[in-house]
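Below is one structure, written out as structure tokens; comments come after it.
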There are 2 protein chains.
Amino acid sequence: MMELTRKGEYAIRGIVYLAAQPPDRVCLLSDIAAAVDVPATFLAKIFQQFSKIGLVKSYRGTGGGFLLGRVPEKITLLEVVEAVEGPIVPNRCVVGAGECVRDVTCKVHPVWKRVQGQVRDVLAGVTLKELSEV
Amino acid sequence: MMELTRKGEYAIRGIVYLAAQPPDRVCLLSDIAAAVDVPATFLAKIFQQFSKIGLVKSYRGTGGGFLLGRVPEKITLLEVVEAVEGPIVPNRCVVGAGECVRDVTCKVHPVWKRVQGQVRDVLAGVTLKELSEV
DNA sequence: CCCTAAAAGGATAAAAAATGTCTTGTTAGG
DNA sequence: CCTAACAAGACATTTTTTATCCTTTTAGGG
């Protein structure tokens, strides 16, 4: 349970690598993939998702590549994980009110709410800066 | 991410139902399944897992069925979830030392450790008693 | 001793999700 | 206009989830 998928793992590896580069250094996807040992085509999909929400910036054509969308101090692990894995939702019940038929009476509900909160807090408290420092 | 599977959901529903029964009341699997709206064959598998680790006691034959292995105050949600979903492991890295090649240098590792700890703490703090009370 | 009730266990199947790959399109530089 | 690089969508493979079914074991009652 609660297991991060490969996608999430790859996503973290890739963006932490980016964060560890000198600022303004544009990185090729193929280089990143090789460095963090992830299939390049798969990493491409992941970085596309990052790009859409501004976590990374991308440039096409010759001399193109990727760099962080913000300074690493301003990107949290929570953002990275949710970008590729979707929102952190330990139980279906936690998804918006009324989704769960047992909603009103369900005693387990608030427990999952608490789990969700704790996990989010931990992940939100970690930035790419910390993760990329030697 | 972090999503409980149906199996986990069914497991909780089933055992909470048991916990809500008068002590020493032996319940038929078919009755439990109908009451909590879970396929009986699937619930059977789940209760077999419960039975193996003593979370429930089972009796075969006429007049047989299931009841809780311990008083509901002594069974935590953590036990129930881990019984059917396996240990709570947010990231492969968290599994025993050395499983992850990046183990030594991996900065993300301790973060997942913290996540794991928080989740376990929340779930371990809830008992079937609380969940089954009106 | 047999018959029926009930759970245990194993094999199998269908559906969904994860994990990748491939092809084509788009953008930019030289 | 040629090449480099990312974007986007379709497709394929594998694994996991979500069951179902059939046979076996255990137990009670006539």
Side-chain angles (χ1 to χ4, degrees), chain A residues 1-15 18 25-34 36-69 81 83-87 89-92, chain B residues 1-15 18 25-34 36-69 81 83-87 89-92:
Chain A
M1 192 219 174
M2 323 275 310
E3 204 149 348
L4 199 66
T5 64
R6 287 276 164 80
K7 191 172 175 187
E9 223 184 292
Y10 292 170
I12 296 171
R13 279 197 227 161
I15 202 165
L18 257 197
R25 155 84 142 282
V26 177
C27 296
L28 290 183
L29 181 76
S30 52
D31 289 347
I32 305 171
V36 300
D37 191 29
V38 169
T41 55
F42 201 178
L43 194 63
K45 296 298 181 193
I46 293 169
F47 270 59
Q48 279 169 32
Q49 291 186 260
F50 283 161
S51 181
K52 271 183 204 160
I53 60 173
L55 235 46
V56 305
K57 277 185 286 198
S58 72
Y59 299 100
R60 295 177 169 188
T62 314
F66 294 91
L67 39 71
L68 279 191
V81 170
V84 296
E85 302 263 19
V89 179
N91 183 282
R92 296 155 219 266
Chain B
M1 190 216 175
M2 323 273 316
E3 205 150 348
L4 198 67
T5 64
R6 285 279 165 78
K7 191 172 177 187
E9 224 183 291
Y10 293 170
I12 296 172
R13 280 199 227 160
I15 202 165
L18 258 198
R25 155 85 140 281
V26 176
C27 296
L28 290 186
L29 182 75
S30 52
D31 289 347
I32 306 171
V36 300
D37 190 29
V38 168
T41 54
F42 201 177
L43 195 64
K45 297 299 182 190
I46 293 168
F47 270 60
Q48 277 169 33
Q49 291 186 262
F50 283 160
S51 181
K52 271 182 203 159
I53 61 173
L55 235 45
V56 305
K57 275 185 287 196
S58 73
Y59 299 98
R60 296 178 170 187
T62 314
F66 294 91
L67 39 73
L68 279 191
V81 170
V84 296
E85 303 263 20
V89 178
N91 182 284
R92 295 155 219 267

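Protein chains get the first letters and strands the later ones, always in sequence-line order, with residue 1 at the start of each.
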Point to revise | Stepwise side chain to side chain contact (heavy atoms under 4.5 Å, CB included) check, Leu68(B) with Ile15(B) | key: CA-CA 8 Å; Leu68(B) 279 191; Ile15(B) 202 165; 3.7 Å; yes
Check your understanding: Contacts to DNA chain C from residues 46-56 of chain B, heavy-atom cutoff under 4.0 Å, which residues?
Key -> Gln48(B), Ser51(B), Lys52(B)
Review point. Quantified as the angle between the terminal helix axes (five pairs each), what is the overall bend of the helix from dC1(C)-dG30(D) to dG30(C)-dC1(D) to 10 degrees?
Key: 0°
Review point. Where do Leu18(A) and Cys27(A) come nearest, in terms of heavy atoms and distance?
Key: CD2-SG, 3.8 Å
Atom pairs and distances, side-chain donor-acceptor, residues 50-62 of chain A, under 3.5 Å, sequence neighbours left out:
none

Review point. Rounded to the nearest 0.5 Å, how far does NZ of Lys45(A) lie from CD of Gln48(A)?
Key: 5.0 Å
Study note, to complete from the structure: Distance col, row Glu3(B):CD vs Glu85(B):CD, nearest 0.5 angstrom, shows 10.5 Å
Review point. Which heavy atom in Leu43(B) sits nearest to a heavy atom in Tyr10(B), and how many Å separate them?
Key: CD1-O, 4.0 Å
Practice item. Using the side-chain hydrogen bond (donor to acceptor under 3.5 Å, both in side chains) rule, collect all pairs that involve residues 25-34 of chain B, keeping only residues at least two apart or in two chains. Key: none
Check your understanding: What pair of heavy atoms forms the shortest contact from Gly64(A) to Leu28(A), and how long is it?
Key -> O-CD2, 3.4 Å
Point to revise | Heavy-atom contact window of chain B on DNA chain C, given 5' to 3' at under 4.0 Å | key: dA5(C) to dT19(C)
Practice item. Given side chain to side chain contact (heavy atoms under 4.5 Å, CB included), test Asp37(A) with Arg13(A) step by step and report yes or no. Key: CA-CA 9 Å; Asp37(A) 191 29; Arg13(A) 279 197 227 161; 4.2 Å; yes
Study note, to complete from the structure: side-chain contact (heavy atoms from CB on, under 4.5 Å) filter on Lys7(B), not counting sequence neighbours, yields Thr5(B), Phe42(B), Ile46(B), Gln49(B), Val84(B)
Review point. What is the per-nucleotide protein-contact pattern of nucleotides 16-30 of chain D, from the 5' end, where B denotes a base atom under 4.0 Å from a protein heavy atom, S denotes such proximity for sugar-phosphate atoms only, and - denotes neither?
Key: --SSB----BBBS--
Point to revise | Closest heavy-atom pair and its distance - Ala44(A), Leu29(A) | key: CB-CD2, 3.4 Å
